[in-house]
Amino acid sequence: MDENQSVASAGSRQELVRTLEHFPAELKRSVLDVATREQLLQPAFDGGWGVVEIIPHLRDWEEIYFNRVKSILTENRPALPSFDDTLWSIERDYRSVDPSDSFEAFANRRSQTVELLRNAGPDDWDRIGVHGYYGDITLLWLAGHIAEHDAEHLQQSRDALTV
């Protein structure tokens with residue numbers, strides 16, 4: 001295990017949980033509440049994903065993250081498969097999914113993920129899962145990874161709305 005994966009202080013773990021907890025509200029406030037329905041459904045001006053693809057992507061990954069957190073907390077060194085999400089937007093037809101419905105599903109599952117993390121004891125943050133790509137990861141690493149994923153897609157969503 002990498003030295004960057006060592007358990008952080010209780011305060012920083014709580015701060016990380018708060019960051020994850022508040023992300024759906026930040027996404028809603030800074031993207032969904034300011035965009036018109038037309039803007040939410042349009043592709044990004046640069047050919048990348050628009051909000052219409054980003055929100056279902058977050059929903060689908062949150063389901064995976066929830067299951068990974070649960071597995072790390074309840075199993076001994078669970079296998080955490082890696083996923084290739086490259087074609088999900090096409091295979092799962094993200095453009096046909098209502099962004100509001102996807103957001104609600106994402107926010108609901110995120111609250112469950114946060115609850116698992118909030119109830120994790122100090123030693124739980126050191127528990128390990130074996131990721132198919134990254135190898136041994138701790139619960140702390142996974143929570144940080146989720147926060148980074150959130151930040152990346154929040155910025156991507158904001159960028160998709162600028163013309």
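All heavy atoms count here, side chains included; hydrogens, waters and symmetry mates do not. Throughout, residue positions are numbered sequentially from 1 according to the sequence presented.
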Could you see if L140 belongs to whatever hydrophobic cluster contains V130? Use Ile, Leu, Val, Met, Phe, Trp, Tyr and a side-chain cutoff under 4.5 Å.
no
Which residues pass the side chain to side chain contact (heavy atoms under 4.5 Å, CB included) test with T36, sequence neighbours left out?
E38, Q39
Contacts of type side-chain hydrogen bond (donor to acceptor under 3.5 Å, both in side chains), residue D85, not counting sequence neighbours
W61
Nearest 0.5 Å please: distance from the CG atom of L58 over to the CD atom of E63.
13.5 Å
With rounding to the nearest 0.5 Å, note down the distance linking CG in D150 to CG in L20.
6.0 Å
Side chain to side chain contact (heavy atoms under 4.5 Å, CB included) filter on S71, not counting sequence neighbours, yields E75, P78, L80
Using ring pair (Phe, Tyr, Trp, His ring centres under 6.0 Å) as the criterion, list what pairs up with H153, not counting sequence neighbours.
H57, H149
Are any of the side-chain nitrogens in R109 or E62 under 4.0 Å away from the carboxylate oxygens of its partner?
no
Counterpart residues, side chain to side chain contact (heavy atoms under 4.5 Å, CB included), relative to D60 (two or more places apart)
W88, R92, Y94
So, does R127 use its side chain to make a donor-acceptor pair with the main chain of L139 at under 3.5 Å?
no
Just to verify, what does S96 make a side-chain hydrogen bond (donor to acceptor under 3.5 Å, both in side chains) with, not counting sequence neighbours?
D93
Contacts of H145 that satisfy ring pair (Phe, Tyr, Trp, His ring centres under 6.0 Å) - sequence neighbours left out
Y134, W141
Main chain of P81, side chain of R68: is a donor-acceptor contact present, judged purely on distance under 3.5 Å?
yes
Nearest heavy atoms of F103 and P24, plus distance in Å
CZ-O, 3.3 Å
Linking I/L/V/M/F/W/Y whenever their side-chain heavy atoms sit closer than 4.5 Å, directly or via other members, would I90 and I55 fall into one cluster?
no
Given the rule that I, L, V, M, F, W and Y join up when any side-chain heavy atoms are under 4.5 Å apart, are L87 and F83 in one cluster?
no
Salt bridge flag under 4.0 Å for residues R77 and D136
yes
Between T74, V114, I64, L116, which is the residue that forms a side chain to side chain contact (heavy atoms under 4.5 Å, CB included) with V69?
L116
So, for F106 and R59, which heavy atoms are closest and what is the spacing to 0.1 Å?
CB-CA, 3.8 Å
When rounded to the nearest 0.5 angstrom, what is the spacing between CD1 in I128 and OG1 in T138?
7.5 Å
Which residues satisfy the salt bridge (charged side-chain N to carboxylate O under 4.0 Å, His left out) test with D124, sequence neighbours excluded?
none
All side chain to side chain contact (heavy atoms under 4.5 Å, CB included) counterparts of S30, not counting sequence neighbours
E26, L154, R158
Whether the Q112 and N108 side chains hold a donor-acceptor pair (N or O, under 3.5 Å, no angle test) is what I'd like checked.
no
Do the side chain of R95 and the main chain of L41 share a donor and acceptor less than 3.5 angstrom apart?
yes
Is W49 linked to L161 within one hydrophobic cluster, defined over Ile, Leu, Val, Met, Phe, Trp and Tyr using a side-chain heavy-atom separation of less than 4.5 Å?
yes
Listed by chain and number, what are the side-chain hydrogen bond (donor to acceptor under 3.5 Å, both in side chains) partners of K70, not counting sequence neighbours?
none
Can you name the side-chain hydrogen bond (donor to acceptor under 3.5 Å, both in side chains) partners of E21, sequence neighbours left out?
R118
Working note: L40 + L32, criterion side chain to side chain contact (heavy atoms under 4.5 Å, CB included); need CA distance, chi angles, decisive distance, verdict.
CA-CA 7 Å; L40 293 176; L32 297 174; 3.7 Å; yes
Would you say L16 ends up clustered with L117 if hydrophobic residues are merged whenever their side chains have heavy atoms under 4.5 Å apart, either directly or through other cluster members?
yes
Using 0.5 Å steps for rounding, measure from the CD atom of E148 to the OG1 atom of T19.
11.5 Å
Return yes if a side-chain donor-acceptor contact under 3.5 Å exists between N119 and E115, otherwise no.
yes
Going by the rule salt bridge (charged side-chain N to carboxylate O under 4.0 Å, His left out), which residues pair with E152 if we only count those two or more places apart in sequence or in a different chain?
none
Using side chain to side chain contact (heavy atoms under 4.5 Å, CB included), reason through D98 and R37 one step at a time and then give a plain yes or no.
CA-CA 10 Å; D98 183 282; R37 179 141 179 85; 2.9 Å; yes
Between V51 and V31 the two heavy atoms that sit nearest each other are CG2-CG1, 3.9 Å
